[in-house]
Amino acid sequence: MYRGGFVYIMTNKNKSVLYIGVTSDLKGRILKHRTHLYKKSFSDKYNAEYLIYYEGFDNIVEAIKREKQMKKWNRAKKENLIITKNPEKRDVFEEVMNNVYSLL
């Protein structure tokens with residue numbers, strides 16, 4: 001069984017909010033954000049439905065370590081990281097749905 005992990009960044013329609021999360025099931029977790037499964041959560045409250053960045057790791061421990069690191073960054077540093085992979089900050093959810101495990 002695959003025990004990898006992902007750190008990801010979600011945003012809202014206006015790209016005014018950044019939500020950083022970690023998961024071992026990126027597809028499933030993004031679907032939960034998009035369907036607002038967890039009512040009154042940060043991502044639900046601010047409509048963070050758009051996946052604009054993700055990184056894959058061989059194990060969840062490394063993903064958690066990276067998430068903690070990124071959450072300490074200021075907004076400008078987070079934005080710079082995002083635009084290195086996704087300059088237009090487009091929603092990459094379909095990319096994930098099609099081939100996420102081949103991206104590790």
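Along the sequence shown, the residues carry numbers beginning at 1. The structure displayed is predicted, hence computed values, not measured ones. Values below: every heavy atom of this structure, side chains too, minus hydrogens, waters and symmetry copies.
Evaluation of the side-chain contact (heavy atoms from CB on, under 4.5 Å) rule for Lys15 yields Thr11, Lys89 as partners, not counting sequence neighbours. In terms of the side chain to side chain donor-acceptor pair (under 3.5 Å) criterion, Asn47 has no residue partners (sequence neighbours excluded). Scanning for side chain to side chain donor-acceptor pair (under 3.5 Å) contacts around Asp91 gives Arg34, with sequence neighbours left out. Every residue was checked against the ring-ring contact (aromatic ring centres under 6.0 Å, His included) condition with Tyr38, not counting sequence neighbours, and none meets it.
Between Leu81 and Trp73, some side-chain heavy-atom pair lies under the 4.5 Å cut-off. In this structure, Arg29 and Met10 have side chains that are not in contact, with every pair of non-hydrogen atoms separated by 4.5 Å or more. Within the 4.5 Å cutoff, the side chain of Val7 has no heavy atoms near those of the Gln69 side chain. Using a 4.5 Å cut-off on side-chain heavy atoms (C-beta onward), Val92 and Lys85 make no contact.
Applying the salt bridge (charged side-chain N to carboxylate O under 4.0 Å, His left out) test to every pair with at least one member in residues 66-75, sequence neighbours left out, gives these pairs: Glu55-Arg66, Glu67-Lys71, Arg75-Glu79. The stretch residues 38-50 participates, sequence neighbours left out, in no salt bridge (charged side-chain N to carboxylate O under 4.0 Å, His left out) pair at all.
Other residues, nucleotides and ligands place more than 12 heavy atoms under 6.0 Å from the OH atom of Tyr19. Heavy-atom contacts from other residues, nucleotides or ligands closer than 6.0 Å to NZ of Lys78 number more than 12.
To the nearest 0.5 Å, the span separating CD1 on Ile20 from CZ on Phe42 amounts to 10.0 Å. Residue Ile52 holds its CD1 atom at 7.0 Å from CG of Asn86, rounded to the nearest 0.5 Å. Separation of atoms NE2 (His36) and OG (Ser43) is listed at 7.5 Å; rounding is to 0.5 Å. The OH atom of Tyr53 sits 5.5 Å away from atom OG1 of Thr84, with the distance rounded to the nearest 0.5 Å. Here CE of Met97 is found 11.5 Å from CG of Leu51. Values are rounded to the nearest 0.5 Å. With rounding to the nearest 0.5 Å, the separation of OH in Tyr8 from OG1 in Thr23 is 6.0 Å.
Taking the six-membered ring for Trp and the full ring otherwise, the centers of His33 and Phe93 sit at least 6.0 Å from each other.
Residues Gly5 and Ala63 share a closest heavy-atom pair of C-CB, 3.8 Å.
When the side chains of ILVMFWY residues are joined at heavy-atom separations under 4.5 Å, either directly or via intervening members, Tyr50 and Leu26 end up in two distinct hydrophobic clusters.
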